[in-house]
Q: 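Structure in structure tokens, see below.
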Number of protein chains: 2
Amino acid sequence: MRRDVFQAIADPTRRAIILMLVVGAMTPNAIAEHFDSSRQAVSKHLRILTECDVLSKEQQGREIHYHLNADKLKDIEKWLEQFKQLMAKRFDQLDTVLEQLKSKRK
Amino acid sequence: MRRDVFQAIADPTRRAIILMLVVGAMTPNAIAEHFDSSRQAVSKHLRILTECDVLSKEQQGREIHYHLNADKLKDIEKWLEQFKQLMAKRFDQLDTVLEQLKSKRK
DNA sequence: TGTGTGCGAAACCAATTGGTTGCGCAAGTT
DNA sequence: AACTTGCGCAACCAATTGGTTTCGCACACA
């Protein structure tokens, strides 16, 4: 199974969970309350998010606190940055083309 | 089926295709050459990417030119921005807490 | 010690994914 | 007119997803 940030944020429920946990750690029950699906379904998402290294568990008595590994989301930014740099390069090339057209015109 | 940018970038092959098409439009065959899987497999990815509104087709004779809809990727940035703002707010709250601790200490 | 609660694990399900091969059409080429 | 090429489509497949319900364990509390 592919387990990376991109997989983690592919699902809307998981994106919502991530945003919820920015503020602070939460237990599965507390998280599940905010969704229509069952606690177990949410727990599955939590498992996937943990496997993607986006979340970490912390047992406290019989409760488990899931908290966000915010750094992991930087992988998305990294890819986006790569994309933007290519875009910039593309426009540079376009600039070159325009430059050539200009010099031809005179 | 879910058809959004997050779905589009969930697959590594699709991410690679996106990066390839930043530079300029390409035909399915030209794209498929860069991958190990079959042309049809790549074509499936192209279909998904088009459905996700990340790519557009342009027929030219018997060739089809796929080109990038770069704007669509802004949806990712938007979500990331939302995330960052929540993070900032969280730190603001932390600041408030630290502030309170400081005033208590005197 | 019994009872309620928080949780993961397992079994099951239909739908989707990501790949394959085979086919056929339409546009070019000879 | 016959062949080649570029491409999408359909059928098939195993694996994964996202959900469910049932179960059982461990902790907390009476």
Side-chain angles (χ1 to χ4, degrees), chain A residues 1-21 24-69 72 76 79, chain B residues 1-21 24-69 72 76 79:
Chain A
M1 292 157 268
R2 224 172 324 110
R3 285 297 181 251
D4 53 26
V5 212
F6 301 99
Q7 191 64 20
I9 64 160
D11 183 88
T13 306
R14 287 201 288 271
R15 282 198 299 279
I17 292 177
I18 290 175
L19 289 186
M20 285 179 61
L21 293 185
M26 289 177 80
T27 66
N29 265 327
I31 297 170
E33 272 175 16
H34 298 270
F35 298 98
D36 287 334
S37 48
S38 69
R39 177 187 59 81
Q40 283 89 339
V42 173
S43 248
K44 268 195 174 182
H45 284 301
L46 292 173
R47 200 167 76 85
I48 292 175
L49 284 167
T50 319
E51 284 171 5
C52 291
D53 224 41
V54 170
L55 259 49
S56 321
K57 302 197 226 180
E58 190 199 352
Q59 188 104 24
Q60 267 183 33
R62 69 178 153 180
E63 292 185 345
I64 295 179
H65 292 261
Y66 282 89
H67 51 90
L68 190 65
N69 197 350
K72 196 68 186 182
I76 307 170
W79 184 81
Chain B
M1 291 157 266
R2 223 171 325 108
R3 284 298 180 251
D4 54 25
V5 212
F6 301 100
Q7 191 65 20
I9 63 160
D11 183 89
T13 306
R14 288 201 287 272
R15 283 199 299 279
I17 292 176
I18 291 175
L19 290 186
M20 285 179 61
L21 293 184
M26 288 177 80
T27 65
N29 265 326
I31 298 169
E33 273 174 15
H34 298 270
F35 298 97
D36 287 333
S37 48
S38 70
R39 178 187 58 82
Q40 283 90 337
V42 172
S43 248
K44 268 197 175 182
H45 284 301
L46 292 174
R47 200 167 78 85
I48 292 175
L49 284 167
T50 318
E51 284 171 4
C52 290
D53 224 42
V54 170
L55 260 47
S56 321
K57 301 196 227 182
E58 191 198 352
Q59 189 104 25
Q60 267 183 33
R62 72 180 154 182
E63 292 186 344
I64 295 179
H65 292 260
Y66 283 89
H67 50 89
L68 190 66
N69 198 349
K72 196 67 186 183
I76 307 170
W79 184 80

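Chain naming here is simple, since letters A, B, ... match the order of the sequence lines and numbering starts at 1 in each.
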Q: Report the distance from atom CE of M20(A) to atom CD of E33(A), rounding to the nearest 0.5 Å.
A: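 Between M20(A) CE and E33(A) CD, I get 9.0 Å after rounding to 0.5 Å.
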Q: Run the side chain to side chain donor-acceptor pair (under 3.5 Å) test against T13(A) and tell me which residues pass, sequence neighbours left out.
A: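 Testing T13(A) for side chain to side chain donor-acceptor pair (under 3.5 Å), a comparison that skips the adjacent residues, returns D11(A).
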Q: To the nearest 10°, let me know how far the axis at one end of the helix from dG2(C)-dC29(D) to dT30(C)-dA1(D) is tilted from the axis at the other, five pairs an end.
A: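 That helix gives 10° between its end axes.
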Q: Looking at every heavy atom in both A10(B) and Q7(A), which two are closest together, and how far apart are they?
A: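 Scanning both residues, the minimum pair turns out to be O-OE1, 4.1 Å.
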Q: What side-chain donor-acceptor pairs closer than 3.5 Å can you find for residues 61-69 of chain A, not counting sequence neighbours?
A:
unit_1 : atom_1 : unit_2 : atom_2 : d
H65(A) : NE2    : Q60(A) : OE1    : 3.4
N69(A) : ND2    : D53(A) : O      : 3.0

Q: When you measure from every atom of DNA chain C, which of residues 5-15 of chain B have a heavy atom less than 4.0 Å away?
A: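 Going residue by residue through residues 5-15 of chain B, the ones with a heavy atom under 4.0 Å of DNA chain C turn out to be Q7(B), D11(B), R14(B).
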Q: Could you give the start and end, 5' to 3', of the contact zone on DNA chain C for chain A, using atoms under 4.0 Å from its heavy atoms?
A: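 Contact boundaries, 5' end first: dG4(C) to dG18(C).
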Q: May I have the list of side-chain donor-acceptor pairs in residues 36-48 of chain B shorter than 3.5 Å, sequence neighbours left out?
A:
unit_1 : atom_1 : unit_2 : atom_2 : d
S38(B) : OG     : A41(B) : N      : 3.2
H45(B) : ND1    : R14(B) : NH1    : 3.1
R47(B) : NH1    : E51(B) : OE2    : 2.8

Q: Taking DNA chain C as the partner, which of residues 52-65 of chain B come within under 4.0 angstrom of it by heavy atom?
A: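 Per residue number, the list reads G61(B), R62(B).
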Q: Working to the nearest 0.5 Å, report the span between CG of L49(A) and CG of L21(A).
A: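 The CG atom of L49(A) sits 8.5 Å away from the CG atom of L21(A).
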Q: Which residues within residues 29-38 of chain B lie with some heavy atom under 4.0 Å of an atom in DNA chain D?
A: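 Within residues 29-38 of chain B, the residues near DNA chain D are N29(B).
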Q: When you compare the side chain of W79(A) with that of I9(B), does any pair of heavy atoms fall below 4.5 Å?
A: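 Yes, their side chains come closer than 4.5 Å.
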Q: Would you classify R39(B) as touching base, sugar-phosphate or nothing, given that sugar-phosphate means primed atoms plus P, OP1 and OP2, and contacts are heavy atoms under 4.0 Å?
A: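 If one applies the 4.0 Å heavy-atom cut-off, R39(B) turns out to touch a base.
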Q: Select from K44(B) and Q40(B) the residue whose nearest nucleotide in DNA chain C is closer to the 5' end of that strand.
A: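 This one resolves to K44(B).
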Q: Measure the spacing between CD1 of I17(B) and NE2 of H34(B) and express it to the nearest 0.5 Å.
A: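 It comes to 11.0 Å.
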Q: Does A16(B) have any side chain to side chain contact (heavy atoms under 4.5 Å, CB included) partners at least two apart in sequence or in another chain, and if so, which?
A: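 Residues passing side chain to side chain contact (heavy atoms under 4.5 Å, CB included) with A16(B): F35(B).
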